[in-house]
Amino acid sequence: MKLGEGVVGYVAHTKTPLAIVDVLKEPRYKEKELAKKEGLRFHVSVPLIVKDKVIGVIQLLHLLSHEFTETEQAVLKTVANQAAICIENTELMVKTRVIQEELESRKLVERAKGILMKHHGLTEDEAFKRIRRATWTAERPCARSRKPSSSPKRWSVSRFLKI
(Lines give C-alpha, C1' and ligand atoms only; values in the text may rest on other atoms or scores of the structure.)
Protein backbone atom coordinates (compact mmCIF):
# COMPACT_ATOMS: atom_id res chain seq x y z
CA MET A 1 0.00 0.00 0.00
CA LYS A 2 1.33 3.43 -0.92
CA LEU A 3 1.58 6.53 1.24
CA GLY A 4 -1.81 8.22 1.13
CA GLU A 5 -3.64 5.03 0.12
CA GLY A 6 -6.19 3.47 2.45
CA VAL A 7 -6.81 4.54 6.03
CA VAL A 8 -3.29 3.90 7.29
CA GLY A 9 -1.70 5.55 4.26
CA TYR A 10 -4.00 8.56 4.66
CA VAL A 11 -3.13 8.92 8.36
CA ALA A 12 0.59 8.57 7.65
CA HIS A 13 0.42 11.07 4.79
CA THR A 14 -1.62 13.71 6.62
CA LYS A 15 0.01 13.07 10.04
CA THR A 16 -3.42 13.34 11.63
CA PRO A 17 -5.55 10.78 13.50
CA LEU A 18 -8.68 9.40 11.85
CA ALA A 19 -11.66 7.83 13.61
CA ILE A 20 -14.15 5.82 11.56
CA VAL A 21 -17.49 5.06 13.19
CA ASP A 22 -18.47 2.44 10.58
CA VAL A 23 -15.68 0.95 8.45
CA LEU A 24 -18.16 -0.59 6.01
CA LYS A 25 -19.26 2.91 4.98
CA GLU A 26 -15.76 4.40 4.71
CA PRO A 27 -14.41 4.50 1.12
CA ARG A 28 -10.75 4.64 2.30
CA TYR A 29 -11.15 1.43 4.33
CA LYS A 30 -9.66 -1.32 2.13
CA GLU A 31 -10.36 -4.43 4.22
CA LYS A 32 -14.18 -4.44 4.07
CA GLU A 33 -14.40 -8.22 3.53
CA LEU A 34 -12.29 -8.87 6.63
CA ALA A 35 -14.37 -6.32 8.58
CA LYS A 36 -17.59 -8.10 7.56
CA LYS A 37 -16.15 -11.52 8.43
CA GLU A 38 -14.85 -10.38 11.84
CA GLY A 39 -17.77 -8.07 12.57
CA LEU A 40 -15.57 -4.97 12.89
CA ARG A 41 -17.23 -1.56 12.87
CA PHE A 42 -15.13 1.06 14.64
CA HIS A 43 -11.61 1.95 13.60
CA VAL A 44 -9.22 4.64 14.77
CA SER A 45 -5.70 5.25 13.46
CA VAL A 46 -3.12 7.59 14.99
CA PRO A 47 0.27 8.35 13.44
CA LEU A 48 3.46 7.55 15.35
CA ILE A 49 5.54 10.69 14.86
CA VAL A 50 9.11 11.41 15.93
CA LYS A 51 10.80 14.68 14.96
CA ASP A 52 8.02 15.44 12.47
CA LYS A 53 8.58 12.08 10.73
CA VAL A 54 5.91 9.37 10.68
CA ILE A 55 7.47 6.06 11.72
CA GLY A 56 4.24 4.08 11.84
CA VAL A 57 0.52 4.13 12.59
CA ILE A 58 -1.22 2.65 15.61
CA GLN A 59 -4.74 1.29 15.01
CA LEU A 60 -7.61 0.33 17.26
CA LEU A 61 -10.48 -1.78 15.98
CA HIS A 62 -13.76 -2.58 17.73
CA LEU A 63 -16.84 -4.64 17.04
CA LEU A 64 -19.24 -1.81 17.90
CA SER A 65 -19.67 1.62 16.38
CA HIS A 66 -18.30 4.23 18.73
CA GLU A 67 -18.06 8.00 18.88
CA PHE A 68 -14.51 8.86 19.89
CA THR A 69 -14.51 11.35 22.78
CA GLU A 70 -11.99 14.17 23.25
CA THR A 71 -10.53 12.38 26.27
CA GLU A 72 -10.13 9.12 24.35
CA GLN A 73 -8.45 11.00 21.51
CA ALA A 74 -6.06 12.69 23.91
CA VAL A 75 -5.19 9.39 25.61
CA LEU A 76 -4.59 7.61 22.32
CA LYS A 77 -2.43 10.47 21.00
CA THR A 78 -0.38 10.31 24.21
CA VAL A 79 0.04 6.55 23.89
CA ALA A 80 1.02 6.94 20.21
CA ASN A 81 3.56 9.65 21.08
CA GLN A 82 5.09 7.53 23.84
CA ALA A 83 5.19 4.46 21.59
CA ALA A 84 6.91 6.48 18.85
CA ILE A 85 9.52 7.73 21.31
CA CYS A 86 10.11 4.19 22.62
CA ILE A 87 10.52 2.84 19.09
CA GLU A 88 12.92 5.64 18.16
CA ASN A 89 14.94 5.17 21.37
CA THR A 90 15.16 1.43 20.77
CA GLU A 91 16.42 2.00 17.24
CA LEU A 92 19.01 4.46 18.54
CA MET A 93 20.12 1.98 21.22
CA VAL A 94 20.51 -0.78 18.63
CA LYS A 95 22.51 1.50 16.33
CA THR A 96 24.69 2.57 19.25
CA ARG A 97 25.31 -1.05 20.23
CA VAL A 98 26.28 -1.96 16.65
CA ILE A 99 28.71 0.96 16.51
CA GLN A 100 30.21 -0.06 19.86
CA GLU A 101 30.68 -3.63 18.66
CA GLU A 102 32.29 -2.43 15.44
CA LEU A 103 34.68 -0.21 17.41
CA GLU A 104 35.59 -3.10 19.71
CA SER A 105 36.29 -5.29 16.68
CA ARG A 106 38.46 -2.60 15.16
CA LYS A 107 40.40 -2.25 18.43
CA LEU A 108 41.04 -6.00 18.49
CA VAL A 109 42.16 -6.00 14.87
CA GLU A 110 44.52 -3.07 15.50
CA ARG A 111 45.92 -4.81 18.58
CA ALA A 112 46.46 -8.04 16.65
CA LYS A 113 48.07 -6.15 13.77
CA GLY A 114 50.43 -4.43 16.20
CA ILE A 115 51.48 -7.73 17.73
CA LEU A 116 52.04 -9.34 14.33
CA MET A 117 54.02 -6.32 13.13
CA LYS A 118 56.19 -6.28 16.26
CA HIS A 119 56.87 -10.00 16.60
CA HIS A 120 56.97 -11.01 12.93
CA GLY A 121 58.34 -7.86 11.32
CA LEU A 122 55.33 -7.44 9.07
CA THR A 123 54.08 -4.23 7.53
CA GLU A 124 50.64 -3.00 8.57
CA ASP A 125 49.15 -4.19 5.28
CA GLU A 126 50.79 -7.63 5.55
CA ALA A 127 49.54 -8.04 9.13
CA PHE A 128 46.00 -7.09 8.12
CA LYS A 129 46.04 -9.52 5.17
CA ARG A 130 47.28 -12.31 7.44
CA ILE A 131 44.48 -11.63 9.94
CA ARG A 132 41.87 -11.44 7.21
CA ARG A 133 43.08 -14.66 5.56
CA ALA A 134 43.23 -16.59 8.85
CA THR A 135 39.84 -15.28 9.97
CA TRP A 136 38.30 -16.19 6.65
CA THR A 137 39.50 -19.79 6.83
CA ALA A 138 38.67 -20.10 10.55
CA GLU A 139 35.08 -18.95 10.02
CA ARG A 140 34.57 -20.85 6.77
CA PRO A 141 36.71 -24.00 6.80
CA CYS A 142 35.12 -25.35 3.61
CA ALA A 143 35.59 -22.08 1.73
CA ARG A 144 39.39 -21.96 1.51
CA SER A 145 39.30 -21.38 -2.23
CA ARG A 146 36.93 -18.37 -2.07
CA LYS A 147 38.13 -14.81 -1.89
CA PRO A 148 37.99 -13.25 1.61
CA SER A 149 35.58 -10.42 2.32
CA SER A 150 37.02 -6.94 2.61
CA SER A 151 34.61 -5.92 5.37
CA PRO A 152 35.86 -7.18 8.77
CA LYS A 153 32.60 -7.40 10.70
CA ARG A 154 33.56 -10.24 13.05
CA TRP A 155 37.10 -11.13 13.91
CA SER A 156 38.54 -14.15 15.66
CA VAL A 157 41.57 -12.36 16.95
CA SER A 158 42.44 -14.60 19.89
CA ARG A 159 44.38 -17.07 17.74
CA PHE A 160 46.72 -14.27 16.58
CA LEU A 161 47.73 -13.32 20.09
CA LYS A 162 49.63 -16.60 20.56
CA ILE A 163 53.22 -15.74 19.82
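The model shown is predicted, which means the values in this text are computed figures rather than measured ones. Starting from 1, each residue takes its place in the sequence as its number.
- For the pair Ser45/Pro17, no side-chain contact is recorded, criterion being any heavy-atom separation below 4.5 Å from C-beta on.
- Grouped with Val54 in one hydrophobic cluster are Ile49, the linkage being side-chain heavy-atom contacts under 4.5 Å among Ile, Leu, Val, Met, Phe, Trp and Tyr residues.
- Side-chain heavy atoms closer than 4.5 Å link hydrophobic residues (I, L, V, M, F, W, Y) into clusters, and following such links, possibly through other members, connects Val11 to Leu61.
- From Met117, atom CE reaches atom CG of Asp125 across 10.0 Å, with rounding to the nearest 0.5 Å.
- Once rounded to the nearest 0.5 Å, the distance linking CD1 of Ile85 with CG of Leu92 reads 11.5 Å.
- Listed by chain and number, the residues in a side chain to side chain contact (heavy atoms under 4.5 Å, CB included) with Asp52 are Lys15 (sequence neighbours excluded).
- Under the 4.5 Å side-chain heavy-atom criterion for grouping Ile, Leu, Val, Met, Phe, Trp and Tyr, Val75 is not connected to Ile20 through any hydrophobic cluster.
- Here the CZ atom belonging to Phe68 is positioned 10.5 Å from the NE2 atom belonging to His43, to the nearest 0.5 angstrom.
- By the 6.0 Å contact criterion, CD on Gln59 is enclosed, its count of non-hydrogen atoms from other residues, nucleotides or ligands being greater than 12.
- In this structure Glu110 satisfies the salt bridge (charged side-chain N to carboxylate O under 4.0 Å, His left out) test together with Lys113, sequence neighbours excluded.
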Open item on the list: For Glu126 and Lys129: C-alpha separation, side-chain torsions, deciding distance, then whether salt bridge (charged side-chain N to carboxylate O under 4.0 Å, His left out) applies.
Closed with: CA-CA 5 Å; Glu126 290 169 333; Lys129 285 179 182 176; over 6 Å; no

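- In this structure, CZ on Phe42 lies 10.5 Å from CG on Leu64, to the nearest 0.5 angstrom.
- In the hydrophobic clustering, Ile99 connects to Leu103, either directly or through intervening members, whenever side-chain heavy atoms lie under 4.5 Å apart.
- Tracing side-chain contacts under 4.5 Å through hydrophobic residues (I, L, V, M, F, W, Y), one reaches Val44 starting from Leu48; they form part of the same cluster.
- A 4.5 Å side-chain heavy-atom check between Val46 and Val57 finds every atom pair outside the cut-off.
- Counting only N and O atoms by type, the side chains of Thr71 and Thr69 include no donor and acceptor under 3.5 Å apart.
- Counting only distance, with no hydrogens or angles, the side chain of His120 and the backbone of Leu122 share no donor-acceptor pair below 3.5 Å.
- Counting non-hydrogen atoms of neighbouring residues, nucleotides and ligands closer than 6.0 angstrom, the CD atom of Glu70 reaches no more than 12 such neighbours.
- Listed by first then second residue, pairs satisfying salt bridge (charged side-chain N to carboxylate O under 4.0 Å, His left out) with a partner in residues 76-97 read Arg97-Glu101, not counting sequence neighbours.
- Pairing each heavy atom of Ala80 with each of Ile58, the nearest pair is CB-CG2, 3.9 Å.
- Atom CD1 of Ile131 and atom CZ of Arg111 lie 11.5 Å apart (nearest 0.5 Å).
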Distance-only check: which donor-acceptor pairs under 3.5 Å involve side-chain atoms of residues 21-29, not counting sequence neighbours?
| unit_1 | atom_1 | unit_2 | atom_2 | d |
| --- | --- | --- | --- | --- |
| Asp22 | OD1 | Leu24 | N | 3.1 |
| Asp22 | OD2 | Arg41 | NH2 | 2.8 |
| Glu26 | OE2 | Arg28 | N | 3.2 |
| Glu26 | OE2 | Arg28 | NE | 2.8 |
| Glu26 | OE2 | Arg28 | NH2 | 3.4 |

